[in-house]
Amino acid sequence: MSDTEDNQDMLPSLVEQIVQRITAGEVPIKSIERELICPICKELFTHPLILPCQHSVCHKCVRELLLLNHEDSFDAGSECSLPGSPGPRSRVPSPSMERLDRLARSGSISSPGWRRGSVTPRITTFPCPGCQHDVDLGERGMSMLFRNFTLESIVERYRQAARAAVAVMCNMCKPPQQEATKSCMDCKASYCNECFKFHHPWGTPKAQHEYVGPTMNFRPKVLMCPEHEMEKVNMYCEVCRRPVCHLCKLGGSHANHKVTTMSSAYKILKEKLSKAIHYLISKEDQVKTQISHLEVLINETEENGQLAERRTNEHFERLFETLQERKSEMLRSIEQSRTRRLDQLRGQVDEYQGMLENSGLVGYAQEVLKETDQSCFVQTAKQLHTRIAKSTETLRTFHPVADPSFDEFVLDTSREETLLKELCFGGVPDPPIIDLSRSRVYNEGLVCWQLAEDTLATDHQVLEYRRLGVEQDEEEGGWRPTVPVYGPSTVVCDLEADSLYSFRVRSCRNSIYSPYSPEVTFHTPPAPVFGFLFNDKCGFSSERLTLSKRRDSVESAAGMAFLLAAERVQTGSYMGLDYIIGDTGISQGRHYWAFRVEPHSYLVKVGVASDSKLLEWMHNPRDTSSPRYDHDSGHDSGSEDTCYDLSQPFTLLTVGMGKVFIPKASLPSAAAGNDHGNRVLPMPQRIGVCLDYEAGRVYFYDADTMRSLYERQVDCSGTMYPAFGLMGSGKVHLEEFITAKRLSYM
């Protein structure tokens with residue numbers, strides 16, 4: 001027997017051993033409590049549902065997330081049917097709920113089925129509370145979700161372990177009820193011994209019912225498909241990672257997905273899980289060592305945190321003491337100045353009081369005037385006259401002896417306040433990194449970056465960019481900064497066409513800037529962006545093409561309609577293309593657009609076509625004509641090469657199976673004749689198309705590097721439209737900048 005077979009035999013037994021350890025109490029079930037808590041309500045799961053991202057959420061919590069009080073309900077005959085909705089519970093607010101509120105307020109939540117004027121929109125998109133990815137339930141809403149019966153059973157066992165003293169009571173006994181000894185999975189009820197015998201008599205069909213130990217968790221024997229309620233799930237979709245039925249694969253949403261049998265998926269997943277558990281158990285000593293290390297780090301963190309608090313308090317206490325000393329000195333100086341000025345002003349008041357009649361100096365002078373002895377009068381009047389003359393002069397030139405303002409004590413602490421605010425406790429922030437996978441640059445540029453994963457948040461970021469290849473800009477540095485950006489992306493406007501731009505970004509925290517990120521370069525397309533969406537009216541085949549709700553992506557599904565159409569084909573192997581065009585035409589100027597073709601696509605034609613040629617394509621049944629009917633039929637018949645020199649009212653480039661196929665006539669004769677390898681290029685992640693209407697020429701580019709793939713003359717005598725043809729399984733996505741302007745007006 002091989003080692004692989006030994007491992008396969010060993011793994012199931014390993015799982016059984018783990019289950020036995022849990023059952024025997026060696027692994028207390030309470031130790032897994034945190035795995036049984038709903039991330040929204042923070043309570044034990046009640047009727048958990050499996051989201052497409054494989055996280056589980058309570059049934060009631062999903063209803064609350066969808067803001068539906070009565071529209072979504074489970075059919076009692078399906079596998080998603082519930083015996084009853086959970087009762088009212090207190091719910092702890094979560095970040096996901098706050099994000100949902102923001103989405104609802106901003107209107108970015110999709111609402112299929114909503115009609116203008118309706119009071120409550122039907123919301124079918126919400127952020128998963130576990131991974132924050134958007135979950136779209138589609139038109140069927142909650143009915144497309146599976147119940148997580150395995151998790152539900154574990155929660156039930158946990159509840160029983162937590163309330164071991166509370167027994168499951170018989171549902172059939174008259175009061176007083178007896179303790180149940182069995183539960184019937186067919187009747188979905190619990191019985192004591194006497195009631196079970198009475199309701200399941202020998203010789204009747206009920207005697208064949210499946211019974212287990214007493215439980216309150218009744219699960220269906222067979223899992224049914226949520227999309228086709230009468231069909232059992234018997235396959236597993238490896239793309240969506242969920243069970244499906246044969247109708248889902250034949251003509252449903254999983255028609256082009258890779259599926260496997262349920263038994264094979266069970267074996268593979270169980271083997272993977274068993275291996276993962278076996279690995280973790282074998283590393284138990286290592287895990288304990290790492291836990292010990294983490295506990296040491298926790299203690300060190302606690303101690304170092306307390307030490308940092310003490311030192312911070314000491315530093316600020318010294319600052320407070322210094323400020324308090326300066327405050328006391330200043331208050332003391334103000335008090336002394338105030339006392340001195342008040343004394344001076346009060347003395348001046350007394351002096352002026354003496355100038356009043358019958359008081360002070362004037363009263364004394366009036367008494368002196370009563371003196372009749374001349375010699376005595378002269379002796380006293382001389383000094384008195386001098387004093388009165390001085391008072392008279394003071395009266396004419398009145399001036400307070402003290403200034404009532406205290407401007408010299410007004411402090412300007414703005415510089416000190418700025419210094420205090422600029423106190424930096426986290427050092428220089430790390431630079432962000434520009435995310436090339438999410439950044440897009442056309443005549444406008446969307447530049448995204450990832451913030452540094454440090455513990456302290458930054459205040460803002462500043463993006464700088466410059467145009468390369470311009471001597472004046474390069475000599476002067478040429479960097480143009482944007483306004484502060486409070487997020488992970490920004491849009492740069494008014495970029496020159498067919499130019500190379502360099503971008504860099506840095507973060508700011510407490511007025512301290514990080515180093516610049518590594519520079520990245522983008523090449524702008526040769527023409528302004530042409531905005532359009534897919535046209536769902538003109539020639540669109542809803543039987544074989546699936547259009548997204550936003551009309552920015554189209555998928556070819558080889559489903560039931562495709563198979564039924566093939567029945568009419570008796571001879572030959574001809575299969576036609578399904579065409580779809582943009583909803584906006586071009587009648588002048590230069591225009592550029594970009595899109596993505598899924599790597600698994602079998603055959604996709606991309607390019608441009610005139611309105612007259614489109615009418616010919618749309619109104620002539622392609623499955624009754626020869627593959628050589630058209631110069632660019634999608635088959636390697638050679639006709640499109642022989643007619644290369646002719647200016648046709650269309651040009652379509654062939655893309656498929658991860659490759660781009662260049663027509664022979666566009667290559668030198670020697671290169672074209674050697675082998676077809678020169679004609680086959682790896683398919684870029686994004687393909688760009690540029691149409692010069694006046695010049696009558698179309699260009700195809702690798703949109704990431706703006707490398708030219710192919711160009712050709714085209715007859716632009718009419719209105720030209722972006723055109724796409726799909727055959728077999730395939731999918732095309734329009735770039736966000738191409739559709740943004742169109743979507744904003746819808």
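- A pairwise comparison of heavy atoms in Val505 and Pro432 identifies CG1-CG, 3.5 Å as the closest pair.
- The shortest non-hydrogen separation linking His59 to Leu49 is CA-CD1, 4.0 Å.
- Interatomic distance, Arg310 CZ to Gln306 CD, rounded to the nearest 0.5 Å: 6.5 Å.
- Smallest separation of non-hydrogen atoms from Asp430 and Ser507: O-OG, 4.1 Å.
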Intermediate values then yes/no, side-chain contact (heavy atoms from CB on, under 4.5 Å), Asp702 and Ile687 | CA-CA 5 Å; Asp702 179 341; Ile687 298 176; over 6 Å; no
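- Annotation: side chain of Thr546 is not in contact with side chain of Val554 (no heavy-atom distance under 4.5 Å).
- Taking the ring-ring contact (aromatic ring centres under 6.0 Å, His included) definition, one finds that His199 meets it with Tyr191, sequence neighbours left out.
- Nearest heavy-atom pair, Cys170 versus Cys192, reported as atom, atom and distance to 0.1 Å: SG-N, 3.4 Å.
- Using a 4.5 Å cut-off on side-chain heavy atoms (C-beta onward), Cys184 and His209 make contact.
- Considering CH2 of Trp449 and OG of Ser489, their distance stands at 6.0 Å, rounded to 0.5 Å.
- Judged by distance alone, with hydrogens and angles left aside, the side-chain atoms of His278 form no donor-acceptor pair with the main-chain N or O of Ser274 at under 3.5 Å.
- Remark: Arg440 pairs with Glu735 by the salt bridge (charged side-chain N to carboxylate O under 4.0 Å, His left out) rule, at least two apart or across chains.
- With hydrogens and angles disregarded, a donor-acceptor distance shorter than 3.5 Å links the side chain of Asn299 to the backbone of Glu295.
- For the atom pair Leu726 CG and Leu603 CG, the distance stands at 8.5 Å (nearest 0.5 Å).
- Distance CG/Asp435 to OG/Ser517: 11.5 Å, rounded to 0.5 Å.
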Trace of the side-chain contact (heavy atoms from CB on, under 4.5 Å) decision for Lys275 with Lys272 = CA-CA 5 Å; Lys275 285 182 177 180; Lys272 287 182 178 180; 5.8 Å; no
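- Closest approach of Tyr602 to Met727, counting heavy atoms only: CD2-O, 3.6 Å.
- With sequence neighbours excluded, the residues forming a side-chain contact (heavy atoms from CB on, under 4.5 Å) with His733 are Ser553, Arg596, Glu598, Lys731, listed by chain and number.
- Every residue meeting the side-chain contact (heavy atoms from CB on, under 4.5 Å) condition with Ser56, not counting sequence neighbours, appears here in chain and number order: Phe45, Pro48, Ile50, Asn148, Leu151.
- Within 6.0 Å of CD on Glu238 lie more than 12 heavy atoms contributed by other residues, nucleotides or ligands.
- The side-chain contact (heavy atoms from CB on, under 4.5 Å) search around Glu519 returns Arg466, Trp479, Ser502, Arg504, not counting sequence neighbours.
- With values rounded to the nearest 0.5 angstrom, Glu271 atom CD is found 7.0 Å from Lys267 atom NZ.
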Less than 3.5 Å apart, which donor and acceptor atoms pair up between the side chains of residues 257-265 and the rest of the protein, not counting sequence neighbours?
unit_1	atom_1	unit_2	atom_2	d
Thr260	OG1	Ser264	OG	3.4
Thr261	OG1	Ser263	OG	3.4
Thr261	OG1	Ser264	N	3.2

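- The closest side-chain heavy-atom distance from Val732 to Glu555 is not below 4.5 Å.
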Are Lys288 and Asp285 close enough, and set up right, to give a salt bridge (Lys or Arg N to Asp or Glu O under 4.0 Å), and what steps lead you there?
-> CA-CA 5 Å; Lys288 290 181 179 179; Asp285 293 337; 5.1 Å; no
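- Side-chain contact between Val660 and Pro682 is absent, with no heavy-atom pair separated by less than 4.5 Å.
- Under the 3.5 Å distance criterion, the side-chain polar atoms of Ser439 are matched with a main-chain donor or acceptor of Cys448.
- Using a 4.5 Å heavy-atom cutoff, the side chains of His200 and Thr204 are not in contact.
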Could you check Cys245 against Lys232 for side-chain contact (heavy atoms from CB on, under 4.5 Å), going step by step and ending with a plain yes or no?
-> CA-CA 6 Å; Cys245 69; Lys232 303 176 183 178; over 6 Å; no
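- Looking only at distances, no side-chain donor or acceptor of Ser601 sits under 3.5 Å from a matching main-chain atom of Val597.
- With values rounded to the nearest 0.5 angstrom, Lys283 atom NZ is found 11.0 Å from Thr289 atom OG1.
- Ser183 and Ser190 are linked by a side-chain donor-acceptor pair at a separation below 3.5 angstrom, with hydrogens and angles left out of the test.
- Asp704 and Gln685 get closest at one heavy-atom pair: OD2-CB, 3.6 Å.
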Go through the steps for Lys659 and Met683 under the test side-chain contact (heavy atoms from CB on, under 4.5 Å), then give the verdict.
-> CA-CA 4 Å; Lys659 305 292 181 182; Met683 183 176 67; 5.6 Å; no
